[in-house]
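Contents: one structure, followed by commentary.
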Amino acid sequence: MLQPIARLGGRGLELLNDIGRAGIFLLRSLLGIFMPPWKIRPIIKQVYVIGASSFGVIFFTGAFVGMVLGLQGYYTLRMFGADSVLGSAVALSLIRELGPVLTALMVTGRVGSAICAEVGIMRISEQIDALECMAIDPYRFLISPKFVAGLVSVPLLTAIFNIVGLMGGFLVGVRLLGGNEGAYIQSMKSSVLIGDIRMCFVKSVCFALLIIWICADRGYWVHLGRNGFGAEGVSRATTQAVVISSVAILVADYVITFIML
Amino acid sequence: MTDEYCIELAGVEKSFGAQRVLKGVDLPIRRGLTTVIVGESGQGKSVLLKHILGLVRPDAGRVLVGGTDVARIKGRRLKELRTRFGVLFQSAALFDSLSVFENIALPLRERTAMGERQIHDKVAATLGMLDLGGSEDKYPAQLSGGMKKRVGLARALQLDPEILLFDEPTTGLDPVKSREVYQIFHDTQKRLGYTSVIVSHDIPKIFNLADYVALLHDGKIRICATSEEMQRSEDPLVKAFISRVMGNIYVSDIESRLLRDQDDRGRF
């Protein structure tokens, strides 16, 4: 009879343990950014991996999201005779919500999974142990550059997403469906405030932190065997990392919007 | 701890969950010599190496390296202590996204203030010494098992360690390649004078290389002696082990028959 309670308690303790370990992981990785020797090359490499190589996917996602917003927005607003505010609707939806959230979700799928798998494989093939034995801090060497690159790349990718999305909305709403060009630009200009841009930036920075943190942490501790061992453990940890990151992004989105709106 | 020993394990105990792996290991390791740890699979030989490196902490006992208890230090002091070690992992643990040159240069780039030219010269010298010339630009996935071990050894030697730890250095190699690896150990140790601790299954070949052999059995060191003393030991358990792994070369037929009888009764 006591067994289910004991199991529940065990799970609870395990969860607490995981959270504590992840907290220390984040702290040590962030501290690692400031520890010498500072090397710019690993950071540039990671900016390339996380940022530059995600450009294509962000460009296309941004373009089509903007285009579909233009399409949906135009017909919906026209029903109320409010198609002149199409620019405002597209811009605010993109900048406040869709830009940061969809960019973060795309980066999670494209880069987060790769980070988790890379770190996980390094762990199971003893490469992380080898670093420790060489007295090289694995947090500073492996994880910190990913954090810096994520914090640099994700806000930039979000900005690209927004700009391409706005252009996509313009293309469909104005050029294709014949909306008023001046009204589109004017309503966009008048409704988007600096607070919206600030919110977009804060969100993208927080999401970047969450993606790298969760994905790298899942890979780093893969040897503890919660998800099984070896290649199977890495594959499960990767799936788990993507799922947890995606949910965390949406939860954080709500919390940040609630605080900043 | 005298100057003669550079590592000393005293009463080291370790459990993983309900499984007691080490039950009070006492093992002195002499400076400048080769100590080989042998034993059946799953006796905790690799765990013992991880204790020496401070990767695993004992539940009880002390692991003294140069007079410092590895189990009681952490952070910067542990890091400093680890700079005295070179480690060759069972899988060589090379960084698979780095080339052979970058792998070997990594400890120098990260741990020293050496310039690129000096690093290049030092790595080139090691590559030459280990007969790896021409492989600098290859990646670990393109190397054979023996070459991977040599690259691992080259990387372990970069910071001029006092102590080298080898975890199953010849696993997965054919007899010719493993002889080659032993030859390289022998040559580099002669030249560089490091203390080496080897965990191995490769008996009897490893006996030729060992100054001391320690037998880990049932979570304790049963014997730590020279290869010759070990082969002549009167301890029935040691005898049984020797006869099992070396055949009947060193024990008479009668003795071996006796030991087989003991074996059947499950004494070893």
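In what follows, every heavy atom counts, from backbone to side chain, and hydrogens, waters and symmetry copies are set aside. Here is how names work: the chains are called A, B, and so on, in the same order as the sequence lines, proteins then strands, and each is numbered from 1.
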Fill in: Max heavy-atom pair count under 4.5 Å with chain A, selected residue of Arg155(B), Gln90(B), Arg109(B)
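Most heavy-atom pairs within the cutoff with chain A belong to Arg155(B).
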Item to complete: Return the minimal non-hydrogen interatomic distance between Gly86(B) and Pro161(B), and the atom names on each side.
Response: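 Answer, listing the atom of Gly86(B) first, then Pro161(B): N-CB, 3.5 Å.
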Worksheet item: For Leu81(B), is it the side chain, the backbone, both, or neither that has a heavy atom closer than 4.5 Å to a heavy atom of chain A?
Response: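 For Leu81(B), no heavy atom lies under 4.5 Å from chain A.
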Worksheet entry | side chain to side chain donor-acceptor pair (under 3.5 Å) partner of Asp167(B), chosen from Ser91(B), Ser46(B), Ser200(B) |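 Exactly one option meets the side chain to side chain donor-acceptor pair (under 3.5 Å) with Asp167(B), and it is Ser46(B).
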Discussion item. Is Met122(A) close to chain B through its backbone or its side chain, or both, or neither, when contacts mean heavy atoms under 4.5 Å?
Written reply: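 When you check distances to chain B, only side chain atoms of Met122(A) fall under 4.5 Å.
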Worksheet entry | Any donor-acceptor pair under 3.5 Å from Trp213(A) side chain to Ala22(A) backbone |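 Checked: pair present.
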Discussion item. Cation-pi check for Tyr5(B) against Arg31(B): NZ or CZ below 6.0 Å from the six-membered ring centre and within 45 degrees of the axis, yes or no?
Written reply: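 The answer is no; the distance or angle limit is not met.
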Worksheet entry | Pick from Lys39(A), Glu126(A), Gln127(A) with the largest number of heavy-atom pairs that fall under 4.5 Å of chain B |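 Ranked by heavy-atom pairs under 4.5 Å with chain B, first place is Gln127(A).
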